[in-house]
Amino acid sequence: MNIVEEVQSKLKEEIKAAVVKAGLATEAEIPNVILEVPKEKSHGDYSTNMAMQLARVAKKAPRMIAEELIQSFDQTKASIKKMEIAGPGFINFYMDNSYLTNLIPTILKTGEKYGETTVGNKQKVQVEFVSANPTGDLHLGHARGAAVGDSLCNILAKAGYDVSREYYINDAGNQINNLALSVEARYFQALGLDKEMPEDGYHGEDIIGIGKDLAEEFGDKYVKVDEAERFQFFREYGLKYEMAKLKKDLEEFRVSFDVWYSETSLYHNGKIDAALKSLRDNGYIYEQDGATWFKSTELGDDKDRVLIKQDGSYTYLTPDIAYHKDKLERGFEKLINIWGADHHGYIPRMKAAIQALGYDKDALEVEIIQLVHLYKNGEKMKMSKRTGKAVTMRDLVEEVGLDATRYFFAMRSADTHLDFDLDLAVSQSNENPVYYAQYAHARICSILRQGEEQGLTVNENIDLAQIEAEKEIEVLKKLGEFPLAVAEAAEKRMPHRITNYIFDLASTFHSFYNAEKVLDSEHIERTKARLALIKSVQVTLKNALSLIGVSAPEKM
RNA sequence: GUCCCAGUAGCUCAGUAGGAUAGAGCAACAGUUUCCUAAACUGUAGGUCGGGGGUUCGAAUCCCUCCUGGGACGCCA
């Protein structure tokens, strides 16, 4: 618990104590104490609506209750300077904010660990994200999913969850066959031979490239071999090539995974059969029209789902159920899947499957990533993998820059449509929010450098009482919020809260910078204290930026 | 047709365990630099929170209904 949390919880305790002391309600009757930071500065540092909440229990007017509460309140505790009743019955607390200065030595000592909390309670969480089919380049939607997923994982880890990042490789099924046939066609074409692309083939540039590479390396060797061998070769080659490219692209996007899980492996290790058996044992399987069905309607789905088709092959769902069973058997208490918007209809059947396997359906959480629309020169661009004309993640990063891309995706809540304005993201102007935060960091670094040139290095031997200006207190309050912001972003699975926090912190810093001078030879003690203060901001900003995969430059 | 998501300032969006006069960035307008980076700061203006009902001391937030936009409803993956 940091200082801010301590003060808040002490305040809540005192509020409860006052309620009991004033005889307004018994301990059991007290509603959850709500403490909030008023939007309006003149309303104090904190306020509570306790008096209004008690109106019904105590059968008195809220303002009267507030009056009695204040009478019974022990103001000597919890750093309270002043209390006031306002509006319909709010009690506003004006704090003696000097306690906040203790944040500075805390942050300097904790360094890159500042912001860590234990709210996650080491809960074992697995986050599955991206999981794009290895049949072409990652496009915009995948990029957004990658950015959101990676940020969420970073945040969960920071908040004390035990996180594992996983990528499910769809290396079985029709799309891989189509990949093989597409590679084959491109290979023939590269040799100048006539060969049509399969109906559902992949028309991306990358596949054309593979065809050329193969033609160069092997000549017409694979034109001559028999069809089965040829198919097998192209399948494996294509898969290996695509996966290597995916990994590389993701790494360059600052996204890494702990586990790359192959769908095909489920076919070979008996896990699909085991999953089917489990479903059958629990009574959720029946046969009809020559197919095997999952009775998912009994568990909240719209319709029952086929697991084994008439031709004996599995549907996509079947290995996926086995996969989720395996995840749960690996001991994860919470599975978070990050899926594209086009998969949201898939949620009820997966949850049904989790239940049918004997687990709590809430063990699975699905975060939906809504569509990204790219705007360039005022024109909306569509993304479609099949036409091959879609903007890829690589194109995007190349054009916009890595930091801007990651920042833009982390800026908005994931479940709303995103209009990505290319021209804005590219622009090096003040319209672009990415630079705002990075500039704050660079600015601090610059001041610290100059301080050092004057022989002023930041250390903990400072006079905290030197920190008292209004802008300084505001900066401190923001710094103190960081662990709370991380905890909330983690619990609500909302990475964009961190981006908002970054912006706010940068903003309070810039405001402070313009109002107060840090380096001031007339006031050495104050200068030292302020250097420590801005060093704390620098540490916190860098930590926050790293959560969303954005760098913190020392110069700009 | 059924289900899901969204609709908040001119534009892009925050804000959902109900709270005080609904916020920010950009755009607009007016200012700030002999001074640590002006990629910054300060201020002004801008709103029937899609419409209409309801719940209550109080609703952008909860319930109902309608409108608009997007998506999902395969023995595809």
Side-chain angles (χ1 to χ4, degrees), chain A residues 32 34 36 38-40 42-43 47-49 52-53 55-56 61-62 86-90 92 133 135 170 172-176 178 200 263 288-293 301-303 305-320 340-349 368 370-371 373 375 408 411-413 415-421 424 427-440 442-451 453-454 492 494 496-497 499-500 503-504 506-507 509-520 527 530-531 534 555-556:
Chain A
N32 194 16
I34 294 170
E36 57 177 22
K39 291 173 211 155
E40 194 71 31
S42 64
H43 292 151
S47 80
T48 183
N49 61 351
M52 280 119 94
Q53 289 187 303
R56 222 167 297 168
F90 289 99
N92 296 334
N133 292 343
T135 53
N170 295 122
N174 281 331
Q175 80 280 5
I176 294 301
N178 277 324
D200 294 318
E263 178 186 1
Q288 190 183 304
D289 303 329
T292 300
W293 294 71
D301 197 7
D302 304 359
K303 48 186 88 164
R305 308 292 170 179
V306 170
L307 293 176
I308 304 175
K309 300 183 237 175
Q310 278 181 341
D311 67 6
S313 65
Y314 300 126
T315 60
Y316 178 78
L317 178 63
T318 313
D320 210 11
D342 54 341
H343 282 68
H344 96 248
Y346 196 77
I347 299 172
R349 77 193 71 165
I368 290 297
Q370 287 291 344
L371 293 179
H373 293 302
Y375 285 81
F408 267 61
M411 196 162 57
R412 301 281 143 77
S413 84
D415 62 356
T416 62
H417 306 260
L418 175 66
D419 288 335
F420 197 113
D421 186 340
L424 172 67
S427 76
Q428 301 250 335
S429 72
N430 60 345
E431 296 169 40
N432 196 333
V434 189
Y435 301 111
Y436 186 81
Q438 293 188 317
Y439 181 55
R443 212 174 208 184
I444 291 168
C445 291
S446 169
I447 300 169
L448 292 173
R449 277 195 300 271
Q450 289 174 58
E453 280 165 21
Q454 297 172 24
K492 294 186 171 173
M494 288 179 158
H496 73 280
R497 291 284 173 104
T499 316
N500 287 341
F503 186 87
D504 287 347
S507 175
F509 168 73
H510 282 310
S511 183
F512 155 77
Y513 173 89
N514 276 274
E516 310 287 346
K517 204 158 160 49
V518 177
L519 297 172
D520 183 353
T527 297
R530 285 187 172 167
L531 282 170
I534 66 168
K555 276 184 189 167
M556 281 175 77

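Only heavy atoms go into these numbers, but all of them, side chains included; no hydrogens, no water, no symmetry mates.
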> Of A:Asp419 and A:Thr48, whose nearest nucleotide on RNA chain B comes first from the 5' end?
Replying inline: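 That would be A:Asp419.
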>> Judged by each residue's nearest nucleotide on RNA chain B, which is more toward the 5′ side, A:Tyr316 or A:Leu519?
In response: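 Mapping each residue to its closest nucleotide by heavy atoms, the 5'-most match is A:Leu519.
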> Is there a donor-acceptor contact under 3.5 Å from the side chain of A:Gln175 to the main chain of A:Asn170?
Replying inline: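 Yes; at least one donor-acceptor contact below 3.5 Å.
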> So, A:Thr318 side chain and A:Leu307 main chain: donor-acceptor pair closer than 3.5 Å or not?
Replying inline: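 Yes, the answer is positive, given that a donor and an acceptor are paired below the 3.5 Å cut-off.
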Under 4.0 Å between any heavy atoms, over every strand shown, what does [X] touch: base, sugar-phosphate, or nothing? Just pick one.
X	value
A:Glu516	base
A:His496	sugar-phosphate
A:Ala442	base
A:Phe503	sugar-phosphate
A:Gln310	base
A:Phe90	base
A:Asp289	base
A:Ala341	sugar-phosphate

Mind checking the [atom1] distance from [N] to [M]? Whole angstroms is fine.
N	M	atom1	answer
B:G54	B:G70	P	32 Å
B:G47	B:U8	P	15 Å
B:C62	B:A20	P	16 Å
B:G25	B:A14	C1'	10 Å
B:A24	B:A9	P	14 Å
B:U61	B:G15	P	15 Å
B:U48	B:G53	C1'	16 Å
B:A59	B:G19	P	11 Å

[X] vs [N]: side-chain N/O to OP1/OP2 distance below 4.0 Å:
X	N	result
A:Ser511	B:U42	yes
A:Thr416	B:C13	no
A:Arg497	B:G15	yes
A:Lys309	B:G74	no
A:Lys303	B:G74	yes
A:Tyr513	B:A38	yes
A:Arg305	B:A77	no

Donor-acceptor pair (no angle test) under 3.5 Å: [X] side chain, [N] base:
X	N	result
A:Asn92	B:A20	yes
A:Asn49	B:G19	yes
A:His344	B:G71	yes
A:Ser47	B:A20	yes

So how far is it from [X] [atom1] to [Y] [atom2], rounded to the nearest 0.5 Å?
X	Y	atom1	atom2	result
A:Leu519	A:Ile534	CG	CD1	7.0 Å
A:Tyr314	A:Ile308	OH	CD1	5.5 Å
A:Arg305	A:Tyr346	CZ	OH	9.5 Å
A:Asp320	A:Glu263	CG	CD	7.5 Å
A:Asp342	A:Ile368	CG	CD1	8.5 Å

How long is the line joining [atom1] of [X] and [atom2] of [N], in whole Å?
X	N	atom1	atom2	answer
A:Leu371	B:C4	CG	C1'	13 Å
A:Ile368	B:C3	CD1	P	18 Å
A:Met556	B:A40	CE	P	9 Å
A:Ile308	B:G74	CD1	P	20 Å
A:Phe512	B:A40	CZ	P	18 Å
A:Asp520	B:C36	CG	P	13 Å

> Do you know the tightest heavy-atom contact between A:Tyr435 and A:Met556?
Replying inline: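 Of all heavy-atom pairs spanning A:Tyr435 and A:Met556, the closest is CD2-CE, 3.7 Å.
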> According to the Watson-Crick and G-U wobble definitions, with both distances under 3.5 Å, which nucleotide is paired to B:A6?
Replying inline: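 Here B:A6 is engaged in a pair, and the nucleotide opposite it is B:U68.
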>> Please name the nucleotide paired to B:U42 by Watson-Crick or G-U wobble geometry with both distances under 3.5 Å, or report none.
In response: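 Its partner is B:A30.
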Kindly point out which of [options] is positioned nearest to the side chain of [X]?
X	options	result
A:Ser413	B:A14, B:G19, B:C5	B:A14
A:Asn514	B:C41, B:C35, B:G71	B:C41
A:Asn174	B:C76, B:A20, B:C75	B:C76
A:Tyr346	B:A77, B:A14, B:U16	B:A77
A:Arg412	B:A38, B:A20, B:U12	B:U12
A:Tyr436	B:A77, B:C41, B:A14	B:C41
A:Ile447	B:C36, B:G19, B:C75	B:C36

>> Is any side-chain heavy atom of A:Gln370 closer than 4.5 Å to one of A:Arg412?
In response: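 They are not in side-chain contact.
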